[in-house]
*Asks:* 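Quick one: structure below, then a few questions.
In what follows, residues are counted from 1 in the order of the sequence shown. What you see is a predicted model, and the numbers here were worked out from it, not measured in a lab.
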Amino acid sequence: MLSDEQWDRIAPFMPVVGDKGGHPFADHPTMVEGIIYRYRTGIPWRDLPAEQYGPWQTVWKRHRRFAGDGTWDKVLAVLLAQADAAGLVDWTVSVDSTINRAHQHATNTKRPEHDTGGSCESQESGRSEQ
């Protein structure tokens, strides 16, 4: 999934086992590709192909760890800066000015002092009775 050039861009930001010891990390490229596969296909973590990526729990834990320790934030910031420097990012912002009106009782505010007409609503069609 990731080319060697793509992996070379993000590899420096992958954490290494610290001085505290612990189990060495499983293969980062395989774990990252498992995470990418899961998001591209939209499958549940449990359906991740174990023969390609190993136990789904390992891939999920790595993703959670990277999200928690800021690894993904660093990778995103660096890739975005590189893409921006290369002129590949369009910073145009589109703002939708659509107005959606809510019913007068749909607010989360205190009831006003004056009557809003909400206690009894007329269901008549507006035609006069004859």
Side-chain angles (χ1 to χ4, degrees):
M1 283 189 205
L2 290 176
S3 68
D4 290 338
E5 187 239 334
Q6 291 170 324
W7 179 250
D8 290 342
R9 286 183 181 187
I10 65 171
F13 304 101
M14 297 292 116
V16 295
V17 176
D19 297 334
K20 296 178 184 176
H23 288 315
F25 281 122
D27 184 31
H28 279 315
T30 303
M31 296 293 109
V32 171
E33 288 189 356
I35 294 165
I36 292 170
Y37 179 84
R38 190 268 176 175
Y39 279 103
R40 280 190 178 169
T41 60
I43 60 171
W45 285 106
R46 291 179 185 267
D47 293 342
L48 198 65
E51 56 279 351
Q52 276 182 281
Y53 306 110
W56 69 268
Q57 296 94 333
T58 305
V59 181
W60 176 82
K61 285 177 187 176
R62 186 70 53 86
H63 171 61
R64 184 178 165 108
R65 178 181 300 216
F66 287 177
D69 69 7
T71 299
W72 291 136
D73 294 332
K74 292 176 203 166
V75 169
L76 177 63
V78 168
L79 293 178
L80 189 59
Q82 290 174 355
D84 189 30
L88 300 174
V89 178
D90 181 12
W91 292 102
T92 303
V93 176
S94 177
V95 177
D96 183 1
S97 62
T98 303
I99 297 174
N100 292 316
R101 296 196 181 266
H103 187 271
Q104 63 189 1
H105 297 120
T107 64
N108 195 17
T109 60
K110 291 183 180 179
R111 189 160 182 88
E113 297 299 324
H114 61 280
D115 184 25
T116 61
S119 61
C120 175
E121 295 184 18
S122 173
Q123 300 297 321
E124 297 175 4
S125 64
R127 297 186 328 194
S128 62
E129 299 284 330
Q130 295 187 353

*Asks:* Are the side chain of E33 and the backbone N or O of L2 linked by a donor-acceptor pair below 3.5 Å?
*Replies:* yes
*Asks:* Please work out which of the three classes, parallel, tilted or perpendicular, describes the rings of W72 and H63, given edges at 30° and 60°.
*Replies:* tilted
*Asks:* Could you give the distance from CD (Q52) to CE (M1), rounded to the nearest 0.5 Å?
*Replies:* 6.5 Å
*Asks:* Does CG belonging to D8 count more than 12 external heavy atoms closer than 6.0 Å?
*Replies:* yes
*Asks:* Tell me every residue that passes salt bridge (Lys or Arg N to Asp or Glu O under 4.0 Å) with E5, counting only those two or more places apart in sequence or in another chain.
*Replies:* R9
*Asks:* Are Y53 and V32 packed together at the side-chain level, in the sense that at least one heavy-atom pair is separated by less than 4.5 angstrom?
*Replies:* no
*Asks:* Determine, using the 4.5 Å side-chain heavy-atom cutoff (strictly less than), whether I35 and V78 are members of one ILVMFWY cluster.
*Replies:* yes
*Asks:* Rounded to the nearest 0.5 Å, what's the gap from NZ on K74 to CE on M14? Could you check?
*Replies:* 9.5 Å
*Asks:* Atom NE2 of H28 and atom OG1 of T71: how far apart are they, to the nearest 0.5 Å?
*Replies:* 8.0 Å
*Asks:* What pair of heavy atoms forms the shortest contact from P15 to D69, and how long is it?
*Replies:* CG-OD2, 3.9 Å
*Asks:* L76, Y39: one ILVMFWY side-chain cluster at the under-4.5 Å cut-off?
*Replies:* no
*Asks:* Between CG of L48 and CD of Q57, what distance do you get to the nearest 0.5 Å?
*Replies:* 10.0 Å
*Asks:* Given a cutoff of under 4.5 Å between side-chain heavy atoms of I, L, V, M, F, W and Y, with clusters grown through shared members, what are the other residues clustered with L88?
*Replies:* none
*Asks:* Between I36 and I43, is there a shared hydrophobic cluster once you connect ILVMFWY residues whose side-chain heavy atoms come closer than 4.5 Å?
*Replies:* yes
*Asks:* Quick one: list whatever passes side-chain hydrogen bond (donor to acceptor under 3.5 Å, both in side chains) with T30, sequence neighbours left out.
*Replies:* D27
*Asks:* Hey, any chance F66 and L79 share a hydrophobic cluster, counting ILVMFWY side chains that come within less than 4.5 Å of each other, even indirectly?
*Replies:* yes
*Asks:* How many angstroms lie between CH2 in W56 and CG in D47, if you round to the nearest 0.5 Å?
*Replies:* 10.0 Å
*Asks:* Side-chain contact test, heavy atoms from C-beta onward, threshold under 4.5 Å: evaluate it for W91 versus D84 and give yes or no.
*Replies:* yes
